[in-house]
Enquirer: 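I'd like to ask you about the structure that follows.
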Number of protein chains: 2
Amino acid sequence: MEKLQEERIRTRNVRRILDAATEVFARKGFDGTRITEIAEASGLPKANVYYYFGSKDDIYRAAIARLIQGWDEALEEIALEKDPAEAFTRYVTAKLRLSHQHPTESRLFANEILRGAEFLTEQERKHIRDVTNYRVAVIEAWIAAGKIVQVDARHLLIMLWAATQFYADFQPVVRDALGNRNLESADFDAAARCIADTILAGLIPRDSEPT
Amino acid sequence: MEKLQEERIRTRNVRRILDAATEVFARKGFDGTRITEIAEASGLPKANVYYYFGSKDDIYRAAIARLIQGWDEALEEIALEKDPAEAFTRYVTAKLRLSHQHPTESRLFANEILRGAEFLTEQERKHIRDVTNYRVAVIEAWIAAGKIVQVDARHLLIMLWAATQFYADFQPVVRDALGNRNLESADFDAAARCIADTILAGLIPRDSEPT
DNA sequence: TCAGAAATTGAACTTTTCGTCAACTTATTC
DNA sequence: GAATAAGTTGACGAAAAGTTCAATTTCTGA
């Protein structure tokens with residue numbers, strides 16, 4: 001078998017399996033997921049799934065790793081270094097776009113955290129800490145420069161994370177709260193506006209000049 | 001067996017089972033939970049668990065029902081009819097206290113939603129809708145009265161719900177974000193202040209008089 | 001004290017699930 | 001076109017899980 005073709009078949013099947021696994025793991029959690037269900041959802045026989053992955057653990061770890069890598073790529077350009085108002089707005093918009101277009105990945109992450117984050121590697125957790133610390137520093141620099149009012153940067157970031165993630169993880173609740181209909185782009189736009197406007201209105205100083 | 005004593009034994013064992021079940025279901029989800037694990041966590045033999053509950057489904061439904069009832073009792077006094085600033089502050093504080101003192105119940109609810117909310121009864125979902133609708137009406141009345149600025153009431157409520165629930169459901173992430181230590185009361189106080197202050201600062205009009 | 005109700009529990013039964021394997025087909029290289 | 005590597009798959013064994021049951025113990029009211 002020629003190398004390129006080999007890679008194509010393998011890559012395609014691995015992707016199919018991970019797509020299916022992400023969906024099932026997100027819904028039922030690690031312990032609740034049956035390999036058979038992943039196999040059916042990916043359109044491959046169970047034994048073929050085992051041809052590509054050694055165990056359920058392996059599939060789960062691979063799905064988590066892929067999800068974190070995907071988030072990184074999607075969010076790495078959303079730096080908080082520019083104008084605070086624009087930075088917060090872009091961040092909220094980008095995260096809500098992820099919640100809209102990739103809710104399954106978000107739910108898998110939520111499930112892993114509910115499990116106690118046992119499968120997150122120390123490297124992955126350190127990465128999350130680093131990203132947070134970097135942004136905390138940016139926000140505190142903004143505060144020092146008088147661009148935004150005094151605020152607890154860590155809790156502010158948590159609030160933004162929570163508000164945007166909620167639309168992916170708690171979609172049934174959000175649907176009920178918005179009037180029992182499917183969520184559309186307009187809903188995510190409205191959410192972005194509400195979150196950004198409310199937070200920015202509280203953060204941007206009105207009466208004081210930057211020092 | 002005398003009626004009162006009978007009730008006492010039954011009630012005590014049912015509570016033990018539901019306590020254990022809530023913890024395990026919250027961590028592993030419905031499909032991932034083993035009856036044996038509930039039995040061990042409750043200190044009863046597996047067959048004794050089946051003496052009180054007919055099936056795994058029954059235990060799960062009972063745990064969900066109890067959790068919603070508990071939330072109701074804890075939150076029913078947090079009406080939004082008073083002064084907006086005080087109402088929002090009290091609501092945020094109360095929900096964060098729940099996140100602090102009963103994170104397991106919160107996580108069980110999160111897991112049920114991730115599952116697709118299949119086990120929530122129509123009655124329970126309607127109750128959530130009713131509570132939301134009532135508060136939306138209150139907020140819109142405040143807007144009409146000029147007590148707060150124009151805002152999408154439904155997304156505002158979602159933002160408050162998300163920000164407060166996050167501290168229970170995503171505790172490992174929150175810990176990492178706050179510097180890798182266990183969460184204490186002071187952290188929840190700081191969170192309440194950050195959420196309430198930021199949102200209120202954006203909501204309370206500064207330049208305009210109420211009409 | 002004693003009859004009957006409630007509660008307890010070890011063991012068994014049935015079904016499901018993980019993971020393996022050997023046989024088979026398809027693709028690739030020379 | 002033959003040899004070899006990659007991919008496919010039905011069937012199976014071992015282990016685990018949900019549920020039941022019958023036998024036993026504990027409790028309670030009279």
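Residue numbering restarts at 1 for every chain, and letters A, B, ... go by the order of the sequence lines. Because the structure is a prediction, the values reported are computed rather than measured.
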Enquirer: Kindly say whether A/L178 contributes a backbone atom to a donor-acceptor pair with the side chain of B/R154 at under 3.5 angstrom?
Expert: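 Looks like no, no N/O pair under 3.5 Å.
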Enquirer: Return the set of residues passing ring pair (Phe, Tyr, Trp, His ring centres under 6.0 Å) with A/Y52 (not counting sequence neighbours), or none when no residue passes.
Expert: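 Scan of A/Y52 (ring pair (Phe, Tyr, Trp, His ring centres under 6.0 Å), adjacent residues dropped) gives none.
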Enquirer: Quickly work out the B/F53 CZ to D/dT19 P distance and round it to whole Å.
Expert: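 Answer to the nearest Å: 13 Å.
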Enquirer: Output the residues of residues 13-26 of chain B in contact with DNA chain D, where contact means a heavy atom of the residue under 4.0 Å from an atom of the strand; sort by number or write none.
Expert: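 Nucleic-acid contacts, sorted: none.
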Enquirer: Measure OH/B/Y60 against P/D/dG18 and give the value in whole Å, please.
Expert: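 That distance rounds to 15 Å.
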Enquirer: Taking only residues two or more places apart in sequence or in another chain, which ones pass ring pair (Phe, Tyr, Trp, His ring centres under 6.0 Å) with B/Y51?
Expert: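 For B/Y51 there are no ring pair (Phe, Tyr, Trp, His ring centres under 6.0 Å) partners, ignoring immediate neighbours.
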Enquirer: Please state whether the rings of A/H100 and A/F188 are parallel, tilted or perpendicular, taking 30° and 60° as the class boundaries.
Expert: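 Ring orientation of A/H100 relative to A/F188: parallel.
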Enquirer: Return a single string for nucleotides 14-21 of chain C, one symbol per nucleotide in 5' to 3' order, where B is base contact, S is sugar-phosphate-only contact and - is none, cutoff 4.0 angstrom on heavy atoms.
Expert: ---SBBBB
Enquirer: Under a 3.5 Å distance rule, please check whether B/E140 uses its side chain to pair with a backbone N or O of B/A153 as donor and acceptor.
Expert: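 Looks like no, no N/O pair under 3.5 Å.
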Enquirer: Between A/Y51 (OH) and C/dA22 (P), how many Å, whole number?
Expert: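 For the pair A/Y51 OH and C/dA22 P, the rounded distance is 16 Å.
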Enquirer: Please give, in whole Å, the distance from C/dT26 P to A/N48 CG?
Expert: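 It is 14 Å, rounded to the nearest whole Å.
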Enquirer: What is the distance, to the nearest angstrom, from the CZ atom on A/R12 to the P atom on D/dG7?
Expert: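 Rounding to the nearest Å, CZ of A/R12 and P of D/dG7 are 10 Å apart.
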Enquirer: Which pairs count as salt bridge (Lys or Arg N to Asp or Glu O under 4.0 Å) when at least one residue sits in residues 91-108 of chain B, sequence neighbours excluded?
Expert: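 Residue pairs passing salt bridge (Lys or Arg N to Asp or Glu O under 4.0 Å), neighbours aside: none found.
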Enquirer: Quick one: pull up NE2 in B/H102 and OG1 in B/T22 and give me the separation to the nearest 0.5 Å.
Expert: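 Answer rounded to 0.5 Å: 11.5 Å.
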Enquirer: How many Å lie between CD on B/E40 and P on D/dG18, as a whole number?
Expert: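 Computing the B/E40:CD to D/dG18:P distance gives 12 Å.
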Enquirer: Under the ring pair (Phe, Tyr, Trp, His ring centres under 6.0 Å) rule, collect the residues that match up with A/F166, sequence neighbours excluded.
Expert: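 Result, ring pair (Phe, Tyr, Trp, His ring centres under 6.0 Å) vs A/F166: A/F170, B/W161.
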